[in-house]
There are 2 protein chains.
Amino acid sequence: MTKAPTDRTRLRRMHEKGAHDPALIAALVDALPLAHIGHLVEGMPMVTPTLIWRMGRRVLWHGSSASRMVRAALAAPVCLTASGLDAMVLARSGLEHSVNYRSVMVMGQPQALRDPTEKEDALRAMMEHLFPGRWQALRPMTAQELKATAVLALPLDEASAKIDASGPADPAEDLDWPVWAGTLPLLRATGTPQPAPGLAAALAADPPAYLSAFRFG
Amino acid sequence: MTKAPTDRTRLRRMHEKGAHDPALIAALVDALPLAHIGHLVEGMPMVTPTLIWRMGRRVLWHGSSASRMVRAALAAPVCLTASGLDAMVLARSGLEHSVNYRSVMVMGQPQALRDPTEKEDALRAMMEHLFPGRWQALRPMTAQELKATAVLALPLDEASAKIDASGPADPAEDLDWPVWAGTLPLLRATGTPQPAPGLAAALAADPPAYLSAFRFG
């Protein structure tokens with residue numbers, strides 16, 4: 001997150017934030033389903049919001065086999081960043097304002113899954129991650145649908161996590177300045193599921209438990 | 001957002017989503033304070049989460065004058081994307097699952113604000129956007145703090161907005177498949193403000209109104 005820390009706070013935060021712990025990186029990928037992927041398109045960066053999921057030590061995403069984004073991801077290394085904004089941090093000076101957040105950044109060359117079974121397993125894993133138990137209840141995927149869908153995978157080898165969960169770090173001489181200081185938590189929640197128009201009454205009356213269990217961010 | 005739409009849904013969504021309307025682009029920049037900026041670093045894309053704000057027809061952000069991100073942004077064009085995930089869309093087939101979202105993408109060459117007065121005006125505008133009325137209550141900024149902070153600006157000339165707020169688009173032959181279908185709204189809210197340790201009791205007892213009025217996403 002951009003800010004201009006003093007040397008004092010920079011040292012503290014480097015200690016708190018930098019992390020290459022594989023378990024932490026995996027946990028962040030699992031918790032932050034919306035990633036922004038930077039591709040190289042004709043020498044320029046292009047950042048695309050994309051849903052991600054994880055299988056072991058790889059992060060995956062999908063798209064239309066014909067899309068520019070998929071072609072760009074296969075042609076050159078990408079940078080995938082997923083972030084969650086957790087709180088606004090209000091200090092006594094403008095400079096010390098910041099945000100609490102979690103983010104994970106992964107760099108490398110994505111590969112497309114080629115084997116249809118492997119692709120279908122990956123798409124099932126995405127659905128099971130989001131809505132456990134739903135995949136088996138869906139109208140089964142056709143070979144044509146599977147062919148039209150590209151599934152990309154990127155190893156979590158070159159990845160880093162950052163977490164800042166601190167409060168304002170005002171220097172001592174500012175602590176008595178008469179302004180409110182502290183953190184404003186930012187929360188996420190799911191609303192009431194909205195059945196599709198025309199959904200059978202019995203289905204609409206009984207929304208699956210995975211809807212209320214859904215967590216994101 | 002990644003998915004592999006059929007030709008039918010692709011046409012409908014191109015109509016719904018593509019937009020270069022300046023008022024819509026401005027409204028999305030105002031509503032989505034967390035952007036992901038793609039920089040070119042040694043020929044590779046690097047995506048950094050960053051708070052943004054708007055002044056007229058420009059989007060702005062800030063960082064340490066010495067940071068790699070600021071140097072990269074001044075050396076080559078960037079792609080700035082801000083997104084909000086609004087709902088999960090559950091269809092009868094895996095292929096037709098999607099998400100409702102809003103996003104704005106801006107491309108171009110950022111410029112650093114050089115004039116100290118212009119920089120301070122821009123930082124005040126950021127604070128006024130987030131927490132109206134707070135800036136004047138803060139410990140005033142020092143010349144050294146202003147110098148250590150880089151403020152970057154990018155015109156909103158080369159920008160596009162995408163909004164998808166639809167429900168599942170199953171083909172007619174799938175509509176009777178016996179599975180729940182519809183949308184699961186994703187909501188954002190603020191929690192109870194947490195005063196900094198040691199904050200004067202009178203200040204802690206009376207949190208400013210802009211905290212409860214804060215909206216994001």
Side-chain angles (χ1 to χ4, degrees), chain A residues 1-2 4 34 36 38-40 44-47 49-51 61-64 77-79 81 83 85 92-95 99 103 123 127 137-139 141 145 148-149 167-168 174-175 177 179-191 193-196 198-199 203 207-208 211 214 216, chain B residues 1-2 4 34 36 38-40 44-47 49-51 61-64 77-79 81 83 85 92-95 99 103 123 127 137-139 141 145 148-149 167-168 174-175 177 179-191 193-196 198-199 203 207-208 211 214 216:
Chain A
M1 201 62 50
T2 60
L34 177 64
H36 284 75
H39 307 89
L40 214 53
M44 300 265 292
M46 173 160 296
V47 178
T50 305
L51 289 191
W61 63 101
H62 75 312
S64 163
V78 305
C79 175
T81 301
S83 306
L85 194 55
R92 281 81 169 183
S93 67
L95 183 80
V99 295
S103 76
L123 295 169
M127 190 69 73
L138 295 175
R139 190 267 288 154
M141 201 155 191
E145 288 174 342
T149 304
D174 285 348
L175 290 178
W177 193 270
V179 67
W180 192 91
T183 59
L184 177 65
L186 306 181
L187 312 175
R188 296 154 202 85
T190 54
Q194 306 294 316
L199 187 70
L203 290 167
L211 295 177
F214 185 79
F216 71 109
Chain B
M1 198 63 48
T2 59
L34 178 63
H36 284 76
H39 307 88
L40 213 55
M44 300 265 291
M46 173 161 296
V47 177
T50 305
L51 290 190
W61 62 100
H62 75 311
S64 164
V78 304
C79 175
T81 301
S83 306
L85 195 54
R92 281 82 170 182
S93 67
L95 183 80
V99 295
S103 76
L123 294 169
M127 190 69 73
L138 295 175
R139 190 266 289 152
M141 200 157 194
E145 288 174 344
T149 305
D174 285 350
L175 290 178
W177 194 270
V179 66
W180 192 90
T183 59
L184 177 65
L186 305 180
L187 312 176
R188 296 155 202 87
T190 55
Q194 306 293 316
L199 187 69
L203 290 167
L211 294 176
F214 185 79
F216 71 109

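A note on names: the letters A, B, ... follow the listed sequences, proteins ahead of strands, and every chain is numbered from 1.
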Heavy-atom pair count under 4.5 Å with chain B, highest-scoring of A/P195, A/P185, A/P208, A/A196: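 Counting heavy-atom pairs under 4.5 Å, the top option is A/P185.
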
Residue among A/M127, A/R188, A/R92 with most heavy-atom pairs under 4.5 Å to chain B: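 Heavy-atom pairs under 4.5 Å are most numerous for A/R92.
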
Does the side chain of [Y] come within less than 4.5 Å of [X]'s, by heavy atoms?
| X | Y | value |
| --- | --- | --- |
| A/M44 | B/C79 | no |
| A/R139 | B/L95 | no |
| B/P45 | A/L40 | yes |
| B/L51 | A/V99 | yes |

Spacing of CH2 belonging to B/W177 relative to CG belonging to A/L203, to within rounding of 0.5 Å: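 Nearest 0.5 Å value for the CH2-CG distance: 12.5 Å.
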
Nearest-0.5 Å distance, CG of residue B/L199 to CG of residue A/L175: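 So the gap between those two atoms works out to 9.5 Å.
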
Expected output: side-chain A/T81 to main-chain B/V47 donor-acceptor under 3.5 Å: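 Flag set: sc A/T81 to bb B/V47 pair under 3.5 Å.
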
Between B/G94, B/P207, B/A189, B/G38, the one whose heavy-atom pairs under 4.5 Å with chain A are most numerous: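 If we count pairs closer than 4.5 Å to chain A, B/A189 comes out on top.
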
For chain A, the option from B/G182, B/A137, B/G198, B/A181 that forms the most heavy-atom pairs under 4.5 Å: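 It is B/A181.
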
Derivation and outcome, side chain to side chain contact (heavy atoms under 4.5 Å, CB included), residues B/T190 and A/L186: CA-CA 5 Å; B/T190 55; A/L186 306 181; 4.0 Å; yes

Engaged part of B/L123 at the chain A interface, taking heavy atoms whose separation is under 4.5 Å: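 For B/L123, there is no contact with chain A at all, as no heavy atom is under 4.5 Å.
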
Per-residue contact mode, B/M46 against chain A (heavy atom under 4.5 angstrom):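 Both backbone and side chain.
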
Verdict with supporting geometry, B/H36 and A/S83, side chain to side chain contact (heavy atoms under 4.5 Å, CB included): CA-CA 9 Å; B/H36 284 76; A/S83 306; 2.9 Å; yes

Pairing residues for B/H39 by the ring pair (Phe, Tyr, Trp, His ring centres under 6.0 Å) criterion, not counting sequence neighbours: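 For B/H39 there are no ring pair (Phe, Tyr, Trp, His ring centres under 6.0 Å) partners, ignoring immediate neighbours.
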
